[in-house]
Amino acid sequence: MSDAAITVEEARKTYRGARGSGTAALDGLDLTVARSTVHAVLGPNGAGKTTLVRVLSTLLRPDSGRVVVAGHDVVREAYQVRLRIGLLGQHAALDEELGGRQNLELFGRLHHLGARRARARADELLERFGLSGTGAKAVAKYSGGMRRRLDLAASLITEPEVLFLDEPTTGLDPRGRAEVWDAVRSLVGGGTTVLLTTQYLEEADQLADRVSMVDSGRVVADGTVDQLKTATGGDRIDVVLRDAGQLETVAGLLPAPRDAVTVDADRRLLSAPVSDRMAALTAVVQALREAGVEAEDVALRRPTLDEVFLHLTGRDERVKEAA
Amino acid sequence: MTSTAYALADSWTMTRRELARWGRQPAAVVVNLVFPVMLLLMFGYLIGGGRGVSGDYLGYLLPGMLALSMAFGLEGTMIAVTQDMNKGVVDRFRSMPMADGAVLVGRSAADMLQSVLGLVVLLGVAAALGWRTDAGPGAFLGAVGLLLLLRFAMLWIGIHLALVAGKPEMVQAVQILVWPFGFLSTVFAVPESMPGWLATVARWNPISHTAAAVRDLFGVPGAESGHAGAAVLWPLALLAVFFPLAVRRFARLSR
């Protein structure tokens, strides 16, 4: 058995529209996730993240390619996969009319735990997710954060080998988000492999060991957060000016090709990738002095994942136009 | 456990889920049971007397109302399945190691139980209003069987429509369309009282055949005989079409 909890090779999935037109949601996607790690799949809306999770969790068959989860093929051995996975979908997968405990007992029974173990497991999970006091209340009356925690509890009934979280914190307030993050962190020690999709770079930064950036149904970059940041050209230099009218002039002075420089007019901010930190800092300060431009701030920093993503998908242009 | 035992256990768990929902929403269950009673009282007393029906109207109307309430069950099934599909809870079921058909079997078992309850309530109210039947136990059970067979066919149409259309707006459309479908029948009036083309439509309606067969089995005076065959064949024909369609549609959610 390999060390990979998830292996995806050349997965393709096209949704057939009317008159035979199709949209490729997965366009030859490759992905490997090591056991007992948290892997974030990062990408904008429509990048194929949800389709990927649906394929991995046996809800959707890929048109072609090989997809193996917890040692079993998702198409040929769907049942074996289902025994080993937990799924937290984008929409709460709960019976809203039933109580929290009733929901967990229902899912426990469907996992064939038997009545007594299903009840015990429900109590355990309610306790663990801080829902003991509200187990009798109908889920429809839960807050967003509570509902998400119950949903997460429901996906952990059998302590799955692999857990899929599809945008687990979308739509939650900061407190609900923190609750879910804590819950995910507490899982990782137990040996569970977690694959989570997110639009929030901060979420990937906070939770994931490795990140795959997805765009148009393909992985455009893959690595640790640090590796990805380095791949973008490492550090960046930010220059904040006093006078927004000088932004264009200064953009030409920075030690980077003009099209790698981003301009944020509202904040009077220029940002450029640099390779040699100290040399770049000296050069920029010198160039500003020679041009007689007053800078409010000049600073070196690591790139954000936002910049990594925009850099890798070649969407820098669009951001500049929008700025 | 064998896979058959698992399939039965899962289906029973899914049925119990529905029963637990009743426990949570008793008012909704009562409304569902009271609605056909209301129709019975309204047409039996308020509007009063079907056109062309001679003699005891309650005796004529009751089998029709029983059949109509079975047919209207289509709505309830469709609403429940549509809700599940839109909530994402079906996704969780499908990602679990449970028997493939348990979601649909559980749904149909629960709906059939509710329909039996509905029949008991309607018959009970009619009895309280003075309705009596000469039917022996065999004929009586035969009538109940025909009614539940119609309900079973409607159930699978409901599941299929929910899986195909799957949107609350479509549920609304169906909720409106069941009315002309239900009323273009011999539930309330004898076909001889209708214009020719309407009478033909009403006679063809599967609800009419079930209603007529039940009247015959209940021994309603003046009831036409010879509808039992159609009352069996119509639902079976509908099932032969919609059962495989619905099952196929459910299996193809993964396409």
Side-chain angles (χ1 to χ4, degrees), chain A residues 13-16 50 53-63 69 74-75 77-99 101-103 105-115 118 136-140 151 154-155 157-158 160 164 166, chain B residues 1-29 32 76 79-107 110 166 168 248 250-255:
Chain A
K13 177 74 197 178
T14 301
Y15 293 111
R16 300 269 160 231
T50 294
V53 168
R54 292 181 72 80
V55 166
L56 289 169
S57 55
T58 76
L59 294 177
L60 207 58
R61 282 163 179 258
D63 297 334
V69 173
V74 293
V75 177
E77 302 168 294
Y79 184 82
Q80 293 298 326
V81 172
R82 287 173 189 160
L83 283 173
R84 292 167 175 79
I85 61 168
L87 168 66
L88 183 74
Q90 247 180 65
H91 306 285
L94 301 163
D95 189 321
E96 303 263 319
E97 271 148 52
L98 296 184
R101 175 174 283 104
Q102 279 178 315
N103 265 283
E105 279 187 41
L106 165 70
F107 297 125
R109 282 164 177 278
L110 291 173
H111 271 293
H112 308 124
L113 292 185
K137 203 154 109 175
V139 172
D151 209 3
S155 55
I157 299 266
T158 52
F164 301 111
D166 193 8
Chain B
M1 274 205 269
T2 65
S3 58
T4 316
Y6 273 134
L8 285 174
D10 290 346
S11 301
W12 174 230
T13 302
M14 292 304 288
T15 310
R16 285 177 36 141
R17 168 193 175 218
E18 292 305 319
L19 302 186
R21 286 162 69 103
W22 295 4
R24 285 270 172 183
Q25 308 237 299
V29 179
N32 268 329
I79 292 169
V81 177
T82 302
Q83 272 178 356
D84 272 0
M85 296 301 297
N86 287 322
K87 283 288 183 204
V89 71
V90 169
D91 279 349
R92 182 177 307 285
F93 293 141
R94 290 179 54 235
S95 73
M96 292 173 66
M98 59 186 278
D100 288 336
V103 172
L104 299 184
V105 175
R107 156 70 34 216
R248 198 171 97 119
F250 190 76
R252 285 193 163 207
L253 289 176
S254 64
R255 294 292 174 93

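Convention: sequence-line order gives letters A, B, ...; per-chain numbering from 1.
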Only one of Leu110(A), Leu83(A), Val81(A) passes side-chain contact (heavy atoms from CB on, under 4.5 Å) with Pro97(B); say which it is. Leu83(A)

Take Glu105(A) and Arg16(B) through the side chain to side chain contact (heavy atoms under 4.5 Å, CB included) test and state the conclusion after the steps. CA-CA 11 Å; Glu105(A) 279 187 41; Arg16(B) 285 177 36 141; 5.7 Å; no

Of the listed residues (Val89(B), Leu253(B), Thr13(B)), which shares the most heavy-atom pairs with chain A below a 4.5 Å separation? Val89(B)

Atom of Ala93(A), atom of Gly88(B) and distance for their closest heavy-atom approach: CB-O, 3.2 Å

Check for a donor-acceptor pair, side chain of Arg92(B) on one end and backbone N or O of Leu94(A) on the other, with a separation under 3.5 Å. no

Nearest heavy-atom contact between Thr58(A) and Ser95(B) is OG1-CA, 4.3 Å

Scored by heavy-atom pairs under 4.5 Å with chain A, the best of Met14(B), Arg24(B), Met98(B) is Arg24(B)

Side chain, backbone, both or neither of Asn86(B) within contact of chain A (heavy atoms, under 4.5 Å): neither

To the nearest 0.5 angstrom, please state how far the CG atom of Asp91(B) sits from the CZ atom of Arg54(A). 4.0 Å

Mind ranking Gly86(A), Gly89(A), Pro62(A), Ala136(A) by heavy-atom pairs under 4.5 Å with chain B and telling me who comes out on top? Ala136(A)

Contact origin within Asp151(A) toward chain B - heavy atom pairs under 4.5 Å: both

Scan side-chain atoms only and decide if His112(A) and Asp10(B) contain a donor-acceptor pair under the 3.5 Å cut-off. yes

Only pairs of heavy atoms separated by less than 4.5 Å count here; which of Arg84(A), Gln90(A), His111(A) has the most with chain B? His111(A)

Please report the interatomic distance OG(Ser57(A)) to CE(Met96(B)), rounded to the nearest 0.5 Å. 13.0 Å

Take Arg17(B) and Arg109(A) through the side chain to side chain contact (heavy atoms under 4.5 Å, CB included) test and state the conclusion after the steps. CA-CA 11 Å; Arg17(B) 168 193 175 218; Arg109(A) 282 164 177 278; over 6 Å; no

